Amino acid sequence: MNGYTQVDTAVVGDGLIGLSTAVQLERRGISTAVIGGPAEGQASHAAVGMLTPACEYDPWMPGEFYDLLKAGLDHYPRFLEELGLAPEEVGHRPTDFTLLDLAEREESLRERIGWMEKLGITCDWLGRAEVCEREPALTPVAFHGAIRIGNEAVVNPRALLGALRAGTGVPLLGGGLVRVADDGARFRLTTGEGDDVVAERVVLAAGAWSGTVGRMFDLDVPVCPVKGQIIRLSGEPGLIDSVIFMPSGGCGSVVERSPGEYVVGTSEEYLRPTADNTAGVIGAILHRLCTVIPAAAEWRIEETWSGFRPMTSDELPVLDLVHDDRIVVATGHHRNGVLLAPVTGRVVADLLEGTDPGLDLSRFAHGRPLRPHTRFATKY
């Protein structure tokens, strides 16, 4: 054995969800250790970093989910302040989103305005000319119009992940979780590097690997890994004045992460479990980018990568206290792990302390009825 650690709570998962939870628990005086898993394909490192309840919510989803998304957006400034981080250190900034009604789509997005306004979302419909006035780099032949959405935000997930890892005072153990023993009062968790962690309670926040980890605790955690491929390019700074969001295929987006640094994605792939990049997907993402922003044809490709989002079949997270109140399951955030990480950490801490999180979590219960996963086609 390499080491032995005894804590109140062990967090399994060292992505943004797990680390945000660990930080929140430590702030409340709950001793914590974090057990990390494989770095390759981790969603937190792969994500673009859009904080947009308006673009990620659909009216077929329960209203409680929009409430959670909005709470995630609203909690970010306080979260960063509590960590002693200036927003610019992690690329956090408010921004508009331009939700493009692409010409390649058959149905219009204009009807979305109605339910957005009912939810209090700041939004306006823009015709082609108005879009081009706001975003001159976009070509009008690629879209019918757009919904301009205000009061959203972006963050740099890699910078935030690095800040959390550097700033947290909790033990961070590598090697993944390989064995669990439970005597009814405490769990003994053994890592792949031979470390042992003994804890009264556990937070399961292992992202796309939560199903595998859950089985070690005799829990069924029905998440599947959904692959997304991303491209980072460099080009002329300031070509876009907002995040360009394109709800087609796997939902395309263009974010200027820093001046002249553009992050573009993405795909939704259900049957390719390797963290690689493929010609067909990367080619399709670049084709859509250059169709919408012709000047992007001259941008230089700096990096490509991929990662796995944890998705339940109803596309809602699992946030629940289970197993005789000894385990909190916090996973299945799908496309919204970055947006929901800080508020999830707060909610998990509330659940462990037995306090009211101020949100209705009933739709995110572990063990809720779920249909079988039915998405097997790649979208990009």
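Start at 1 with the first residue, then count along the sequence. Here the structure is a predicted model, which is why all the values come from computation and not from measurement.
A 4.5 Å side-chain heavy-atom check between Ile327 and Arg201 finds every atom pair outside the cut-off. Side-chain contact between Pro317 and Phe65 is present, with at least one heavy-atom pair separated by less than 4.5 Å. For the pair His92 and Val154, the minimum side-chain heavy-atom distance is 4.5 Å or more. With a 4.5 Å cut-off on side-chain heavy atoms, Val170 and Val11 do not count as touching. Annotation: side chain of Cys123 is in contact with side chain of Ile113 (closest heavy-atom distance under 4.5 Å). Within the 4.5 Å cutoff, the side chain of Leu177 has no heavy atoms near those of the Thr190 side chain. Under the 4.5 Å side-chain criterion, counting only non-hydrogen atoms from C-beta, Asn336 is in contact with Leu69. Proximity of His333 to Ile17: side-chain heavy atoms (C-beta onward) are separated by under 4.5 Å at one or more points.
Evaluation of the side chain to side chain donor-acceptor pair (under 3.5 Å) test over residues 16-26, restricted to residues two or more places apart or in two chains, returns Gln24-Arg28. Within the structure, every pair that satisfies the ring-ring contact (aromatic ring centres under 6.0 Å, His included) test and touches residues 286-316, not counting sequence neighbours, is listed here: Tyr262-Trp299. Residues in residues 216-236 take part in these ring-ring contact (aromatic ring centres under 6.0 Å, His included) pairs, two or more places apart or across chains: Phe187-Phe217. Note on residues 69-79: pairs passing side chain to side chain donor-acceptor pair (under 3.5 Å), not counting sequence neighbours, are Lys70-Asp74, Arg78-Glu82. Residue pairs meeting the ring-ring contact (aromatic ring centres under 6.0 Å, His included) criterion with at least one partner in residues 120-140, sequence neighbours excluded, are absent. Every pair passing salt bridge (charged side-chain N to carboxylate O under 4.0 Å, His left out) that includes a residue from residues 31-58 is listed here, sequence neighbours excluded: Glu56-Arg335, Asp58-Arg112.
If you chain together ILVMFWY residues whose side-chain heavy atoms come under 4.5 Å of each other, Tyr4 ends up grouped with Val198.
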Requested in this report: Show the numbers, then the answer: is there a side-chain contact (heavy atoms from CB on, under 4.5 Å) between Leu339 and Thr52?
Outcome: CA-CA 8 Å; Leu339 169 59; Thr52 173; over 6 Å; no
Report task. Just do the side-chain contact (heavy atoms from CB on, under 4.5 Å) check on Arg257 and Val155 with the steps written out, would you? Result -> CA-CA 8 Å; Arg257 178 170 283 178; Val155 72; over 6 Å; no
Query - Pair Thr304-Gln229, side chain to side chain donor-acceptor pair (under 3.5 Å): steps then yes or no - result: CA-CA 7 Å; Thr304 62; Gln229 301 190 42; over 6 Å; no
**Report entry** Derivation and outcome, side-chain contact (heavy atoms from CB on, under 4.5 Å), residues Val213 and Val221
**Finding:** CA-CA 9 Å; Val213 173; Val221 183; over 6 Å; no
Report task. Would you please test Asp325 and Leu351 for side-chain contact (heavy atoms from CB on, under 4.5 Å) and show each step? Result -> CA-CA 9 Å; Asp325 294 346; Leu351 290 174; over 6 Å; no
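Here the shortest heavy-atom pairing between Leu80 and Pro87 reads CD1-CA, 4.2 Å. Closest of all the heavy-atom pairs between Tyr66 and Pro53 is CE1-CB, 3.7 Å.
Distance alone, capped at 3.5 Å, is enough to place a donor-acceptor pair between the Thr32 side chain and the Ile30 backbone. Within the 3.5 Å criterion, the main-chain N or O of Gly207 finds a donor-acceptor partner in the side chain of Thr331. Using a distance-only test at 3.5 Å, with no hydrogens or angles considered, a donor-acceptor pair links the side chain of Arg346 to the main chain of Pro357. Side chain of Thr274 to main chain of Asp276: no donor-acceptor pair is present (N/O by atom type, distance under 3.5 Å, no hydrogens or angles). Side-chain N or O atoms of Glu268 include none that pairs as donor or acceptor with a backbone N or O of Val226 at under 3.5 Å. Put simply, the side chain of Glu117 never gets that close to the backbone of Ile121: no donor and acceptor are under 3.5 Å apart. Judged by distance alone, the side chain of Thr139 and the main-chain N or O of Val292 form no donor-acceptor pair under 3.5 Å.
A salt bridge does not link Arg368 to Asp320: none of the charged nitrogens lies less than 4.0 Å from a carboxylate oxygen. Glu261 has a carboxylate O that lies under 4.0 Å from a charged side-chain N of Arg232, or vice versa, which qualifies the two as a salt bridge. Ion pairing of Arg300 with Glu302 is present here, as a side-chain N (NZ or NE/NH1/NH2) and a carboxylate O approach within less than 4.0 Å.
If you take CG on Leu100 and CZ on Arg288, they are separated by 10.5 Å, rounding to the nearest 0.5 Å. Note that CD1 of Ile230 is 3.5 Å distant from OG1 of Thr266, once rounded to the nearest 0.5 Å. A distance of 11.5 Å separates CG of Leu370 from CD of Glu315, quoted to the nearest 0.5 Å. Taking CG from Leu319 and CG from Leu359, the interatomic distance works out to 9.5 Å, rounded to the nearest 0.5 Å. Here the straight-line distance linking atom CD1 of Ile293 with atom CG of Leu289 works out to 5.5 Å at 0.5 Å rounding. The distance from atom CG of Asp124 to atom CE of Met116, rounded to the nearest 0.5 Å, is 11.5 Å.
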List the atom pairs, donor and acceptor, that lie under 3.5 Å between side-chain atoms in residues 157-167 and the rest of the protein, sequence neighbours left out.
from: Arg158; atom 1: NE; to: His45; atom 2: O; distance (Å): 3.1
from: Arg158; atom 1: NH1; to: Glu303; atom 2: OE1; distance (Å): 3.4
from: Arg158; atom 1: NH1; to: Glu303; atom 2: OE2; distance (Å): 3.3
from: Arg158; atom 1: NH2; to: Glu303; atom 2: OE2; distance (Å): 3.3

Give the table of side-chain donor-acceptor pairs shorter than 3.5 Å for residues 140-149, with sequence neighbours excluded, one pair per line with atom names and distance.
from: Arg148; atom 1: NE; to: Asp96; atom 2: OD2; distance (Å): 3.3
from: Arg148; atom 1: NH1; to: Thr98; atom 2: OG1; distance (Å): 2.9
from: Arg148; atom 1: NH1; to: Glu135; atom 2: OE2; distance (Å): 3.1
from: Arg148; atom 1: NH1; to: Ser242; atom 2: OG; distance (Å): 3.3
from: Arg148; atom 1: NH2; to: Asp241; atom 2: OD2; distance (Å): 3.1

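A donor and an acceptor atom, one from each side chain of Thr9 and Arg326, are nowhere located under 3.5 Å apart. Using a 3.5 Å distance cut-off with no hydrogens or angles, the side chains of Thr95 and Glu152 do not pair a donor with an acceptor. Using a 3.5 Å distance cut-off with no hydrogens or angles, the side chains of Asp101 and Ser108 do pair a donor with an acceptor.
Here Asp14 pairs with Gln42 under the side chain to side chain donor-acceptor pair (under 3.5 Å) rule; sequence neighbours left out. For Asn156, there are no side chain to side chain donor-acceptor pair (under 3.5 Å) partners at least two apart in sequence or on another chain. Evaluation of the side chain to side chain donor-acceptor pair (under 3.5 Å) rule for Arg215 yields Thr212 as partners, not counting sequence neighbours.
Atom CD of Gln6 has more than 12 neighbouring heavy atoms from other residues, nucleotides or ligands inside a 6.0 Å radius.
Test Arg186, Arg188, Arg179 against Asp196 for salt bridge (Lys or Arg N to Asp or Glu O under 4.0 Å) and you get one pass: Arg188.
Taking hydrophobic clusters as Ile, Leu, Val, Met, Phe, Trp and Tyr residues chained together by side-chain heavy-atom distances below 4.5 Å, Leu73 shares a cluster with Leu316.
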